[in-house]
Amino acid sequence: MADYEIPKITGEDGIVDVPKIVKDTMVGSGPWISAPKFQKDMHFATEIEQSEDGKWTLIPNWKEAALEKMDDLRGRYRSLQLFLDICVKCGSCTDKCHYFIGTKDPKNMPVARQDLLRKVYRRYFTFAGKYFPKLVGATDLTEEVIDDWYNYYHQCSQCRRCSVFCPYGIDTAEISMAAREILNHIGRGQKYCTQIMGKVYTIGNNLGLPQRALEDTLEGLEEDVEEETGVKVAFPLDKKGAEVLLITPSADFFAEPHVDGLMGYAKVFHELELDWTLSSYASEGANFGMFIGSYENMRKIALRIRHAALDLGVKRIVFGECGHAWRVAYSFLNTLAGPFDFLDPKYPVPQHVLEITWPALQEGKLTIDKSLNDDMTLTFHDSCNIARGTNIGTEVGGQFDLPRNVIKAVCNNYVDMNQDAIKDVTFCCGGGGGILTDDLMEIRIKGAQPRMEALKEVTENNGVTHMAAICAICKSQFTKVIPYYGFSMDQIVSVHQLVSNAIVLKGQLTEEELEARDAAEEAERVAEMEARKKAAAEKKAAKDAAEKK
Amino acid sequence: MNALGLIYGVIFWAATIAIVAGVAYKIRLYWTIPAPLKIPTMPAPRTKGGVVFRMFKEVAFFHSLFRSDKLLWLFAILFHYGLALVLIRHSRYFMEGMGGVLLFLQPFGKYAAFAMIIGLIALLARRFMIDRVRYISAPSDFLMLVLLLVIGISGALMTFVSHVDVTAVNSFFISLRTFNFSGWNLPGDPLVIFHLTAVAFLMIIFPISKLMHAPGVFFSPTRNQVDDSREKRHIAPWAAELDKQGVDYLHELKK
Ligand code: HEM
Ligand code: HEM
Ligand code: SF4
Ligand code: SF4
Ligand code: SF4
């Protein structure tokens, strides 16, 4: 492990005390910059050059371009114009950001983060800022300001915790998205995001898994499930005429514990005899266009789902476990890629996989043996994008209840973390919003502190052994950073992994039957080996005999 | 008409035009700029009525602030409720005679000045004392509180210490309102002049300052949107244009 200063967690009450500010603890050059070849695919500015020492220039007319983009955005997004205008600097949000708590850097206080942009907005677009800049804290747009933007707008996971506590609902995520969109257009795109989105455009998913690789992976999963249960559960790909199109984050295809979640969805669908399919063309749930504030690119990716649905002729669209994916799906998909009048109007578009699993559990359509999860005591991390950006089901607050209901229906031991760290005031995992990249490891580790503290408290006081998550990025982030806090990676589980553990499929073999099957297979294998050996020996003997002659 | 009356008559008409036109301009902006995506802070109400209730809780009780910081909430309530009562009581300067409710509120308005002033002093103190709040404060943030304190204290001095000719002020503002120039007479009491100068300044800066939070809060998309994105398609005109022309990028749009 690299040597970062890892915040200390105490396990006392589950909440980190608000720190005193310490300036500039996180100054830096920000994440890796997107090279022209990645910028090009996004239709972003490309006229940048790298010098000998690796530094990238901005585009030649960067200042005009930045101000022009800011002006354009404030005319298209009311949130931006309004939020820049009406903040009263009350400070209510200042202690609410996990990155501020974990780093103590005052520029990570939500309002201070907004101010990086606001001070430029004021300087060029408001009366007070034009004529009395010092009075209202307005400043000129300089390269140093751009550097600060690039650095600190990539220390925001757009989790919206600040917006919960702001008396006007000012959402720093909106500001950081706008800032990143301005940066995109002056040659400061972020490599991690643009490169990934480029892969979606050319291949269909963030990981760049082509159709063949996907097919192999799914076949492998089919074999794994059969191996474990004796039941052939299908993982269909590009199946025309299926009823349900499943859109899931591509991490579900192989990362741990994501893939166990995917097995869970497949088992549920199998039990319900749902005719479903994945699509290789739209094999990605997580839409990174949101992170970089690019409506156009977000829409372009979302439209792939529409096209896949039309092409395969499905009736319903269902999303797997992913926070960002679900925010774009629940809140934006209808806007970006609707209307979905060609789908079955009986179902909401899109649906969350929990909206299938929970009713099925309620109606007793799934056979569950809760004791199969008795080796664990669970808690649940409310993914911020799901908690504050979406709903699940039809009731207000369903995004909190459905995952908990499902966990409790398949596990005997469940405990919630501190009330101030869950549900709508949940802390982000620290890796969301396009910063799940190794070049931002330090902020990821420090930003996880509030969640780690809450987890530590329930592990010490309530014997919690595992934390379930419902977002691909949360899962990846946690498995990577929790070792720094003294936990182990396998303590993170998918919600549908728990379902997968506890579900008893129709025709599933019991432990003994599985053993018997394995023993029989083994015996068969041994017998075959023997036979082969014998045949070889006979052949050799015959050959020897022939040679002797 | 006296000289003071003319000067302050002009100032107040100018200030009135500034605040009305300025606020109207900003409201028009907030009204016309679309919110292209559904971004209510969830969990959000599923109906319009629910949104009205949510907004009411925010405006009348500062609900989000209450969840965040109880002490700040207390100061904020002291100040704003004090201010509201004071302003209601002030309606008497602009009309002849008063209705029942206004008459009833008069004495409360009088003492509300203390709530307002105490609230303001507390708000100012925390701007100095809490390191996080000090860090985010520009000079204007301190001065805004000072300005309101100046108005509040000068007003309270008039009410409780050195009484002024309220009837004269009353008839001055009525004649301002009715353009009855012969009545443009303002008593030369320094406290009145002080109070009114500061008030006129407040009115002028209102639309170009953070005071726009008062009308602005109603337009906040994170608070005023209904959670119905799956049922109703929400789309901004500029985004609909992409659909219509079948292109991916705004720069590809034909005008
Ligand atoms: C719809 C009406 C209004 C609402 C809902 C509202 C709400 C709020 C809230 C929640 C705060 C943050 C807490 C605080 O710092 O006190 C605030 C701050 C403030 N409000 Fe208002 N307000 C309204 C009208 C006004 C008006 C009419 C004025 C003045 C003429 C005003 C002046 C201020 C000032 C100066 C602050 C900043 C206080 C500070 O510096 O700490 N507000 N307002
Ligand atoms: C054109 C507008 C205004 C006029 C003509 C005006 C006039 C006056 C007068 C004549 C008094 C003394 C009342 C008395 O002796 O009983 C007073 C008191 C006061 N004024 Fe104003 N004022 C105006 C605006 C404001 C504003 C905008 C504020 C607050 C931001 C304010 C705050 C106060 C306070 C706190 C008092 C003392 C309490 C009270 O008597 O209500 N005034 N004002
Ligand atoms: S959106 Fe989240 S990460 Fe960004 S400033 Fe607000 S609390 Fe911090
Ligand atoms: S809580 Fe809202 S109004 Fe207060 S400082 Fe933060 S962003 Fe500004
Ligand atoms: S990864 Fe999870 S917790 Fe982190 S920002 Fe995304 S949804 Fe929120």
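None of the values given here were measured: they were computed from a predicted structure. Proteins get letters first, then strands, A, B, ... in listed order; numbering begins at 1 in each.
For A236(B), no part lies under 4.5 angstrom from a heavy atom of chain A. Of the two parts of F132(A), neither the backbone nor the side chain holds a non-hydrogen atom closer than 4.5 Å to a non-hydrogen atom of chain B. For F127(A), the part lying under 4.5 angstrom from a heavy atom of chain B is the side chain only. At a 4.5 Å heavy-atom cutoff, the contact between L250(B) and chain A is made by backbone and side-chain atoms alike. For M42(A), the part sitting under 4.5 Å from any heavy atom of chain B is the backbone (N, CA, C, O) and nothing else. With a threshold of 4.5 angstrom between heavy atoms, T126(A) does not approach chain B through any atom at all. Only the backbone of P40(B) comes within contact range of chain A, judged by heavy atoms closer than 4.5 Å. Of the atoms belonging to R74(A), it is backbone heavy atoms, and not side-chain ones, that fall under 4.5 Å from chain B. Looking at R388(A), the atoms closer than 4.5 Å to chain B (heavy atoms on both sides) sit in the backbone and in the side chain alike. With a 4.5 angstrom heavy-atom cutoff, S294(A) does not touch chain B via any of its atoms. Neither the backbone nor the side chain of A214(B) comes within contact range of chain A; no heavy atoms are under 4.5 Å apart. For S220(B), the parts lying near chain A are the backbone and the side chain together; criterion is any non-hydrogen pair under 4.5 Å. In this structure, no portion of F340(A) lies under 4.5 Å from any heavy atom of chain B. In this structure, the portions of V136(A) lying under 4.5 Å from any heavy atom of chain B include both its backbone and its side chain. Within the 4.5 angstrom heavy-atom criterion, atoms from both the backbone and the side chain of Y30(B) approach chain A. Looking at L29(B), the atoms closer than 4.5 Å to chain A (heavy atoms on both sides) all sit in the side chain, from C-beta outward. For a residue to count as touching a neighbouring chain, one of its non-hydrogen atoms must lie under 4.5 Å from one of that chain's; by this rule D420(A) does not touch chain B.
R78(A) places no side-chain N or O within donor-acceptor distance of the main-chain N or O of P34(B), the cut-off being under 3.5 Å. No donor-acceptor pair under 3.5 Å is formed between the side chain of R132(B) and the backbone N or O of P106(A). The backbone N or O of I21(A) sits less than 3.5 Å from a side-chain atom of D131(B), completing a donor-acceptor pair. For the pair R126(B) (side chain) and C90(A) (backbone), a donor-acceptor distance under 3.5 Å is present.
For the options V111(A), D115(A), V164(A), heavy-atom pairs under 4.5 Å to chain B are most numerous at V164(A). Interface summary for chain A: among D248(B), L65(B), I205(B), the most heavy-atom pairs under 4.5 angstrom belong to D248(B). Per-residue heavy-atom pair counts under 4.5 Å with chain A were compared for E252(B), R223(B), M212(B), and the maximum is reached by R223(B). With respect to chain A, the highest number of heavy-atom pairs below 4.5 Å among H63(B), R127(B), E58(B), K26(B) belongs to R127(B). By number of non-hydrogen pairs under 4.5 angstrom with chain A, the leading residue of I136(B), L143(B), V247(B), D243(B) is I136(B). Looking only at heavy-atom pairs under 4.5 Å with chain B, the residue among R327(A), K119(A), E355(A) that has the most is E355(A).
In this structure, OG1 in T222(B) is found 8.5 Å from CD in E174(A), a value given to the nearest 0.5 Å.
For the pair Y330(A)/S229(B), a side-chain contact is recorded, criterion being any heavy-atom separation below 4.5 Å from C-beta on. Contact of the L37(B) side chain with the Y295(A) side chain is registered, since non-hydrogen atoms from C-beta on lie closer than 4.5 Å.
Using bins of under 30°, 30° to 60° and over 60° for the plane-to-plane angle, the ring pair Y168(A)/H213(B) lands in the tilted bin.
Residues S68(B) and K96(A) bring a donor and an acceptor atom of their side chains to less than 3.5 Å of each other. One side chain, T41(B) or S163(A), offers a donor N or O that lies under 3.5 Å from an acceptor on the other.
Closest heavy-atom contact between R46(B) and V396(A): CG-CG2, 3.4 Å. The minimum heavy-atom distance between D424(A) and R67(B), with the atom names listed, is OD2-NH1, 2.9 Å.
With respect to the salt-bridge test (charged N to carboxylate O, under 4.0 angstrom), the residues E241(B) and R76(A) do not qualify.
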